[in-house]
Amino acid sequence: PEPITQGETMPLQKNQILTLRIERLSSDGSGVAHQDGQAVFVPLTAPGDVTEVRIVKPMKTYAFGRVEKLITAGPNRIQQDCPVAGPCGGCGLRHISYQAECAAKTQFVRDAFARLGKLDVPVLDVLVAPAMDRYRNKVQLPVGTDENGHIVTGFFAGRSHRIVACSDCKLQPAWMNQLAARTCELLEENGITAYNEETHTGRVRHLYMRQGWHSGQRLLCFVVNGNGLPNEAEICAVLQKEFDLTTILINRNSERTNVILGRKTRTAAGPGTIEDTLAGVPLHMGVHEFYQVNTPATEVLYTKARAYAGLKPDDFLLDLYCGMGTIGLSMLPDCQRLVGVEVVPQAVEGAKETAARLGLGAEKADFRCQDAGAAAAAELLYQVIVEMGVPITPHIADCLYTGIATDTGCFKFSSTTANTHTVAAKLIEAGCHVEELNTLLFDTKPRARMEAERIARNHLEYYLDGRCALIYLTRDEI
């Protein structure tokens, strides 16, 4: 081994056992402790915990560990109320109080501004959610087979596609857990198999459930490797009766992919959609539309966003990546006109239907299906502004050019298209200060970045006979 020079610390060793005190939480929810100046990241710990930790992955200047023994619990540690909260990969903070969770998340944002952005800005406390349990209006459960050959549903363990069976997830309504269990029974009774990712065999891949939070309507969708289910009508009739399901859908996904939904969905029972309201906006939805999973918390955030927007009666509102248009439609009473842009056709059609039900024509609420994945969001925004007939002033041109230039790496990234250059040329014609902006954006560096580059150069390492170079910053250095 190479000798340790003066000023360096001995790297921690794999399987080394340490007694550590957890100081804080990292942004991924792991506890952070220090040993000989090196950070150790330990999942499922809480600030103030004193634990015996086994090092499972030592790095050069930091390490990852796991708890072997909890010696003293921190003041905000609570008893986990779910037996699979750790292994299932879903709840990473189930072991600390909700108040401590909110405080930690507020601190994550403050750290991002202060340590990463080197910005001194006020950060408000996070808004507390109205409910901590049973708040999800949607769940997508992978279907698999356990060690005894029984069909089960659950959640993927962290960083894997291994299903951890979960009979009562605390985050979703009880009826969803009960429906999943009953569906597994019916699948077994009818000789229907669970999908196997490795062999691309088996029939049922996922169970997708959705609830209208205010309406109470319920949706079930089978995601299948094929065109349907044996005895499909009988199975759907039993489930619809026992669980008061509004509609049942069959989604076909026969691709070798980890994408949950396939392109084709058909209705097996009921109208094919469910109804609900969000912030007073009436909605119809199936399975392809994006919809925030925590309706009560979403309505709190929409109210706050509406207040911050401070729209005036003569304002135009642009809602990019608008989904079903609920944010824009909830704010439309405050402004003159809404234009929403979304890439998913089903979502755009849903937004148009909602606007029609509200009696809103395109001159008041216009929703468009356009590629929001353009080279830059500002490129898309330019197209919308032009179509709305809004004059491109030099100030607007500067803002749009900045967005395009930074998102494309000054037009060097592979996402840059001919249209990107065309839009940039139009902005220059409109009075964009291109030379001044390029100098500011690409020919100057903030002091924080220069300092980060200086520190990173100390970690420069070469591999493959000098053909490959690695340079990095540790978390503590960031």
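Since we're looking at a predicted model, the values are computed, not measured.
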- Message: Could you report the tightest heavy-atom contact between N196 and E198, atom names first, then the distance?
- Response: OD1-N, 2.9 Å

- Query: What residues form a salt bridge (charged side-chain N to carboxylate O under 4.0 Å, His left out) with R21, not counting sequence neighbours?
  - Reply: none

- Task: With sequence neighbours left out, write down each residue that passes ring-ring contact (aromatic ring centres under 6.0 Å, His included) with H200, or none if nothing qualifies.
- Result: Y195

- Item | H34 backbone acceptor or donor facing E23 side chain under 3.5 Å | yes

- Can you sort out the partners of D133 under side chain to side chain donor-acceptor pair (under 3.5 Å), two or more places apart, ordered by chain and number? R94

- State whether the side chain of K364 and the backbone N or O of L338 hold a donor-acceptor pair below 3.5 Å, judged by distance alone. no

- Task: Only pairs at least two apart or in different chains count here, so list each salt bridge (Lys or Arg N to Asp or Glu O under 4.0 Å) that has a residue in residues 404-431.
- Result: none

- Item | Donor-acceptor under 3.5 Å (R205 side chain, G144 main chain) | no

- Apply salt bridge (charged side-chain N to carboxylate O under 4.0 Å, His left out) to R110 and list each qualifying residue two or more places apart in sequence or on a separate chain. D125

- Identify the two heavy atoms, one from N251 and one from C221, that lie closest to each other, and give their separation to 0.1 Å. CB-SG, 3.7 Å

- Item | Heavy-atom side-chain contact between M324 and T354 under 4.5 Å | no

- Message: Closer than 3.5 angstrom, by distance alone: can the side chain of N225 be matched with the main-chain N or O of G202 as a donor-acceptor pair?
- Response: yes

- Donor-acceptor contact below 3.5 Å, side chain E342 vs main chain G323: yes

- Task: For R159, check salt bridge (charged side-chain N to carboxylate O under 4.0 Å, His left out) against everything at least two apart and list the hits.
- Result: none

- Item | Qualifying residues under ring-ring contact (aromatic ring centres under 6.0 Å, His included), relative to F108, sequence neighbours excluded | none

- If you take all heavy atoms of Y208 and V287, which pair is closest and at what distance? OH-O, 3.0 Å

- Message: Quick check against the 3.5 Å criterion: does Q172 have a side-chain atom that pairs as donor or acceptor with the backbone of K170?
- Response: no

- Item | Contacts of P173 that satisfy side-chain contact (heavy atoms from CB on, under 4.5 Å) - sequence neighbours left out | W175, M176, Q211, W213

- Task: Search all heavy atoms of P11 against all heavy atoms of Q13 and return the closest pair with its distance.
- Result: O-NE2, 2.9 Å

- Task: Check whether any side-chain N or O of S30 sits under 3.5 Å from a backbone N or O of S26 as a donor-acceptor pair, and report yes or no.
- Result: no

- Hits for side chain to side chain donor-acceptor pair (under 3.5 Å) against T326, two or more places apart or cross-chain, chain-then-number order -> Y302

- Query: Quick one: side chain to side chain donor-acceptor pair (under 3.5 Å) partners of T153, sequence neighbours excluded?
  - Reply: none

- Would you check, one step at a time, whether the test side-chain contact (heavy atoms from CB on, under 4.5 Å) holds for V344 with E289? CA-CA 8 Å; V344 179; E289 298 85 356; over 6 Å; no

- Task: Sorted by first residue and then second, give each salt bridge (Lys or Arg N to Asp or Glu O under 4.0 Å) pair with at least one member in residues 312-334; sequence neighbours left out.
- Result: R306-D334

- Query: Is a donor on one side and an acceptor on the other found under 3.5 Å between the side chain of N137 and the backbone of V293?
  - Reply: yes

- Evaluate the side-chain contact (heavy atoms from CB on, under 4.5 Å) criterion for residues D398 and L437: first the C-alpha distance (whole Å), next the side-chain angles of each, then the deciding distance (0.1 Å), finally the verdict. CA-CA 8 Å; D398 282 348; L437 288 172; 3.7 Å; yes

- Residues forming a salt bridge (charged side-chain N to carboxylate O under 4.0 Å, His left out) with E453, sequence neighbours excluded: K445, R449

- Query: Backbone N or O of E255 within a donor-acceptor pair of the N253 side chain at under 3.5 Å?
  - Reply: yes

- Item | Main-chain N/O of T420 paired with T417 side-chain donor or acceptor, under 3.5 Å | yes

